[in-house]
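Below is one structure, written out as structure tokens; comments come after it.
Residue numbers start from 1 in every chain, and the chains themselves are labelled A, B, ... in the order their sequence lines are given, proteins ahead of strands.
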2 protein chains.
Amino acid sequence: MKLKSELPACPVATTVQLIGSKWKLLILRNLLARPWRFNELQKNLEGISQKVLTDSLRSMEADGIVTRTVYPEVPPRVEYSLSELGESMRPIIASMEQWGIAYKKSLNKE
Amino acid sequence: MKLKSELPACPVATTVQLIGSKWKLLILRNLLARPWRFNELQKNLEGISQKVLTDSLRSMEADGIVTRTVYPEVPPRVEYSLSELGESMRPIIASMEQWGIAYKKSLNKE
DNA sequence: CGGGATCCTCGGAGATACTG
DNA sequence: CAGTATCTCCGAGGATCCCG
């Protein structure tokens with residue numbers, strides 16, 4: 001989805017701009033469970049490239065959804081967790097998940 | 001958002017595939033209130049092109065979210081309304097709308 | 001009025017190589 | 001381990017013209 005192009009300033013559009021890109025929802029879904037490390041996320045999200053994972057995390061960090069914690073250790077360790085704002089998106093993910101499940105059931109009936 | 005590329009088969013991703021494209025959520029938002037005619041939608045969704053509106057409506061119709069009703073009159077009249085499946089997405093839109101409102105408030109505080 | 005057909009743009013997404 | 005730096009590709013989205 002093009003995030004840069006103009007959309008009506010309605011709350012729904014605002015929400016989509018923050019989490020509508022291809023992988024963000026899946027990242028968010030993982031982070032809702034617990035904090036994750038970079039490589040850990042990359043392994044779990046099979047198919048995502050380093051660049052896209054980085055871009056997505058940076059973008060979500062800039063939007064205040066994700067918190068990035070760097071541990072000054074050797075080897076380096078970076079953990080990504082949800083901010084309070086990110087945590088507040090749980091109901092959205094939950095409703096989308098429930099709807100997705102119901103949708104798949106309706107497909108099987110046909 | 002690229003809808004054609006592969007995504008994990010999780011319910012959240014399924015939902016995004018159906019309504020994650022740029023205008024679909026806004027169309028859905030309108031249709032949740034009442035049925036709309038083609039030109040009516042185009043005027044309301046300022047900035048949308050005919051092609052994109054057509055493509056979006058056709059796609060949503062194919063997904064079973066939108067119902068297209070043609071009235072055999074002169075001049076032709078076509079109405080778009082929500083199917084039962086589309087109507088069932090109301091909670092998702094509502095939660096996204098509420099979150100969007102809360103997000104804007106949090107921006108003003110900074 | 002409600003599109004169909006055609007052509008084009010732009011940026012999200014991906015692949016690859018390299019680094020503190 | 002967790003990135004950065006380039007290059008490339010592709011398709012959603014857009015513009016324009018035409019039609020039953």
Exercise for review: State which of D:dG14, C:dA13, D:dA2 makes the closest approach to the side chain of A:Arg77.
Suggested key: D:dA2
Revision key, fill the gap. Heavy-atom nearest pair, A:Trp99 first then B:Met89, reads NE1-CG, 3.1 Å
Check your understanding: What is the nucleic acid contact for A:Tyr71, judged by heavy atoms within less than 4.0 Å: base, sugar-phosphate only, or nothing?
Key -> nothing
Exercise for review: Look at the side-chain N and O atoms of A:Arg37 and state whether any lies under 4.0 Å from the OP1 or OP2 oxygen of D:dC1.
Suggested key: no
Exercise for review: Round to a whole Å and report the spacing from CG of A:Leu53 to C1' of D:dA2.
Suggested key: 10 Å
Review point. Using a cut-off of less than 4.0 Å, is there contact between a side-chain N or O of A:Arg58 and OP1 or OP2 of D:dG3?
Key: yes
Exercise for review: Ignoring the backbone of B:Thr54, work out which of C:dA13, D:dA2, C:dG3 is nearest its side chain.
Suggested key: C:dG3
Review point. Separation of B:Glu73 atom CD from C:dG3 atom P, in whole Å?
Key: 14 Å
Revision key, fill the gap. Whole-Å distance, B:Glu40 CD to C:dG3 C1', equals 16 Å
Revision key, fill the gap. Testing D:dA2, C:dG3, D:dG13 for proximity to the side chain of B:Trp23, the answer is D:dG13
Practice item. Please report, rounded to the nearest Å, how far the P atom of D:dA12 is from the CG atom of B:Asp55. Key: 9 Å
Check your understanding: Is there a path from B:Trp36 to B:Val70 through hydrophobic residues (I, L, V, M, F, W, Y) whose side chains come within less than 4.5 Å of each other?
Key -> yes
Review point. Is B:Arg68 salt-bridged to B:Glu79, cutoff N-O under 4.0 Å?
Key: no
Point to revise | salt_bridge(B:Glu97, B:Arg90) N-O dist < 4.0 Å | key: no
Practice item. Using whole Å, report how far CD of B:Gln42 lies from P of D:dT16. Key: 13 Å
Practice item. Starting at atom CD of A:Glu46, determine the distance to atom C1' of C:dG14, rounded to an integer number of angstrom. Key: 16 Å
Check your understanding: Can you tell me how far P of C:dC1 sits from CG of B:Leu57, to the nearest Å?
Key -> 17 Å
Review point. What string of B, S and - do you get for nucleotides 15-20 of chain C 5' to 3' if you count protein non-hydrogen atoms under 4.0 Å?
Key: B-B--B
Review point. Nearest-Å distance, CD (A:Glu61) to P (D:dA2)?
Key: 15 Å
Check your understanding: Is the distance from OP1 or OP2 of D:dC1 to the nearest side-chain N or O of A:Trp36 less than 4.0 Å?
Key -> no
Point to revise | Short side-chain N/O contact from B:Tyr80 to OP1 or OP2 of C:dG3, under 4.0 Å | key: yes
Review point. If you draw a 6.0 Å radius around CD in B:Glu84, do more than 12 non-hydrogen atoms from other residues or ligands fall strictly inside?
Key: no
Review point. Is any NZ, NE, NH1 or NH2 atom of the basic residue among B:Lys43 and B:Glu46 found under 4.0 Å from an Asp or Glu carboxylate oxygen of the other?
Key: no
Check your understanding: Between A:Ser83 and A:Ile65, is there a donor-acceptor pair closer than 3.5 Å when you use the side chain of the first and the backbone of the second?
Key -> yes
